[in-house]
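Below: the structure, in structure tokens.
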Amino acid sequence: MSQFNYLNEINSLATMDGPITRGPLQRWAKKGCNENINPSLSNSFKNHSNINISSCNQSLQKLSISANQSCNNSALSNNKTPTRNENKKGKKTPSKTKSPGHSTTPTPNKASKTPNKADRFIPSRSNSNYDLCHYMLSRDDDKSEETPQTAAGEAIGRALNDTEPGRLLQYTCKAPAAPEGYQNRLRVVYSQTKVPSSVKCNTRYIPQAPDRILDAPEILDDYYLNLVDWSASNILAVALGNSVYLWNAGTGQIEQLLTLEGAETVCSVGWVQGGGSHLAVGTSMATVELWDCEKIKRLRVMDGHSGRVGSLAWNMYIVSSGARDGHIVHHDVRQRDHAVANIHGHTQEICGLKWSPDGRYLASGGNDNLLNIWPIAQGQHYSQPQHILSFNQHLAAVKGLAWCPWSAGILASGGGTADRTIRLWNISTGSNLNTVDTKSQVCSIVWSTHYKELISGHGYAHNQLIIWKYPTMSRVAELSGHMARVLHLALSPDGTTVLSAGADETLRLWKCFMLDPSKKKEPTDAKAAKSLLNLNSLIR
Amino acid sequence: MSLQQTKNCITLRGSAQIICEYLKFSINSVLFQRGLYPPETFKAENQYGITLLLSEDPQIKSFLTNLLTQSEEWILDKKVKKLSLIILNVANKEVLECWDFNIQYEDGDTALSKEKNEMVGSKDLKKIQQEIRDVMLQVAATISYLPLLDCRCSFDVLVHAKTDCDIPEKWAEAQPVAIANAQNVQLKSFSTSLHKMETVVSYKLAD
């Protein structure tokens with residue numbers, strides 16, 4: 001017996017043009033079975049629109065053909081390609097190997113419109129109402145019996161009755177519209193666009209890959225902290241978890257400066273201006289520690305906050321700290337009573353804090369979406385307790401803050417996920433010079449010292465760095481490579497390299513502001529050394 | 001006899017209440033999921049075994065309460081065929097999205113109805129809630145394919161009633177709405193054995 005089975009099987013396999021005996025039913029055959037029992041109604045019909053009705057009529061014609069056809073096919077089930085219709089006699093489908101299922105697809109006659117004027121007719125399933133058409137068709141056929149028998153027929157009949165005139169009512173006390181200025185939060189997710197390269201105005205060569213990648217294990221993925229700073233003496237301070245590491249960018253040496261005990265974490269680091277070896281460290285214990293990095297020695301611990309210290313800014317011998325409690329405390333590092341001023345600056349956590357290069361203004365950005373500008377107190381190096389400007393244009397936390405190094409009073413600020421804009425401000429006039437939607441969270445901003453450009457670090461979706469031309473804010477370049485958002489940026493003291501710290505636990509060095517080798521570069525070496533001396537004399 | 005008493009029994013009013021409760025949660029869900037209103041104006045509530053969000057806005061709340069109490073009466077009288085939640089662009093009043101809630105009236109448990117002398121259903125409440133939960137999850141999932149509503153939006157609910165339906169105070173007749181180049185997606189339906197609810201979303205296909 002088995003050998004016969006085997007032979008049969010071989011035979012059936014070898015027969016190319018025979019009917020398929022095994023396997024699932026052909027599509028046309030399945031359709032023939034399903035046509036009558038499919039109870040679901042296409043929904044487009046229920047819209048009562050004229051367009052839909054007309055499309056129904058169209059598909060009605062189509063279906064009348066296919067229905068007949070499927071009957072024929074099921075009866076014959078042979079290898080012959082069936083003829084279409086009486087009015088199309090002699091037009092056989094050229095290829096015999098085509099399955100009969102294909103041939104049931106009706107070809108419209110010349111008069112009917114083919115979509116897109118293509119040579120093939122591709123029926124749009126979503127537009128044609130097969131169930132309805134079939135119902136209409138079968139009802140026409142047997143008009144004698146009015147009541148449809150099947151459940152599907154009944155359902156369709158109900159749907160047809162739906163067209164009877166009804167009343168459309170509405171409650172006149174309407175619900176309010178969304179509040180003015182509210183933006184759909186889904187916009188953040190669904191309007192990510194990569195800008196085509198043609199938009200970027202590239203005038204110089206910018207390497208698209210990082211120059212170096214350093215590991216930064218356990219770097220906190222927290223938008224509100226400021227965990228890297230690059231000193232004028234070319235030492236990079238990075239806070240990883242509860243430790244601070246110093247990376248000498250010249251020699252590549254790494255030193256561990258400190259480790260906090262227990263679950264405490266380092267929340268911010270800030271180098272003293274001018275290349276000194278003093279580093280301020282903000283901690284989750286609400287203290288600001290001052291370290292001498294040459295001797296690896298803690299000089300003092302300064303309190304004054306009730307929340308973690310997420311931002312630090314130096315102005316001469318004053319270190320200003322912004323904390324989660326919304327307060328800015330100015331510490332005079334020389335005095336025993338270090339807290340010279342305590343300002344209630346924001347209602348929520350302060351995440352951005354920067355002194356202007358001339359030391360006349362302090363900019364602070366908070367999670368309350370505000371950007372405040374504080375003028376310097378008369379004859380002092382800390383700010384007055386009253387801000388002169390407060391900008392509420394940002395729609396999210398303002399973390400990215402950077403003062404223009406060459407033009408006094410120009411400030412760039414970037415907003416968080418719900419805002420995604422970089423705004424340029426003129427503090428002297430209080431005006432918003434320019435606004436650009438970056439389509440991504442702005443985590444950090446740094447100005448170039450060599451070019452009239454600024455660079456910003458971004459989060460979802462591309463985790464890229466974008467270089468912008470000032471003041472037009474046109475894109476110069478996009479640097480991508482980080483696998484998670486770019487949390488912090490720092491510029492090297494020579495101004496050529498940007499360091500980005502990503503939530504993917506890497507630090508990447510981008511040589512994106514390299515000077516043209518043909519240009520002479522002997523800029524500020526002498527000057528920098530001088531100011532360094534001056535500053536060091538100021539700090540005891 | 002004892003067997004029948006343990007049988008689950010849903011009255012017409014109870015069924016209408018289930019339907020209106022579903023409408024309340026689904027409309028709120030749409031408002032939240034589609035980002036029509038700021039998410040901070042919504043409050044989470046546990047219902048049907050999942051967490052759903054209800055608007056806390058007093059105006060939206062009162063609008064929906066009035067709408068649904070009236071609708072419940074109409075559903076009891078079998079006057080309503082469909083409720084349409086339409087989402088409009090505030091700026092140009094264009095209809096961007098339409099959520100149709102089709103109500104079909106079913107016979108329930110005929111044997112039990114005869115015995116009780118009123119129309120009742122005998123579907124297990126657990127089963128109904130399970131079905132509703134499935135629809136709710138689908139509603140939440142729609143944001144993955146529905147186009148972004150990138151403008152200030154408002155919503156309205158139109159009731160498709162029968163012609164013999166009276167117009168109560170503060171109600172008015174409305175014009176039918178149409179969405180140009182619409183695409184329809186039918187979600188799962190559920191039934192209380194007295195009412196069957198079908199949810200359909202139609203949206204403007206992106207150009």
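Here is how names work: the chains are called A, B, and so on, in the same order as the sequence lines, proteins then strands, and each is numbered from 1. Source: prediction; values computed, not measured.
The most heavy-atom pairs under 4.5 Å with chain A, out of B/Asn66, B/Val90, B/Ile179, B/Leu67, come from B/Asn66.
Other residues, nucleotides and ligands place no more than 12 heavy atoms under 6.0 Å from the CD atom of B/Gln175.
With a 4.5 angstrom heavy-atom cutoff, B/Asp57 touches chain A only via side-chain atoms. Of the two parts of B/Leu36, only the backbone, made up of N, CA, C and O, holds a non-hydrogen atom closer than 4.5 Å to a non-hydrogen atom of chain A.
Considering only heavy atoms from C-beta on, A/Tyr171 stays 4.5 Å or farther from B/Gln70 through its side chain. Taking 4.5 Å as the limit, every side-chain heavy atom of A/Gln170 sits out of range of all side-chain heavy atoms of B/Val159.
The CG atom of A/Leu169 lies 5.5 Å from the CD1 atom of B/Ile167; values are rounded to the nearest 0.5 Å.
Contact detail for B/Ser154 and A/Pro176: the closest heavy-atom pair is OG-O, 4.2 Å.
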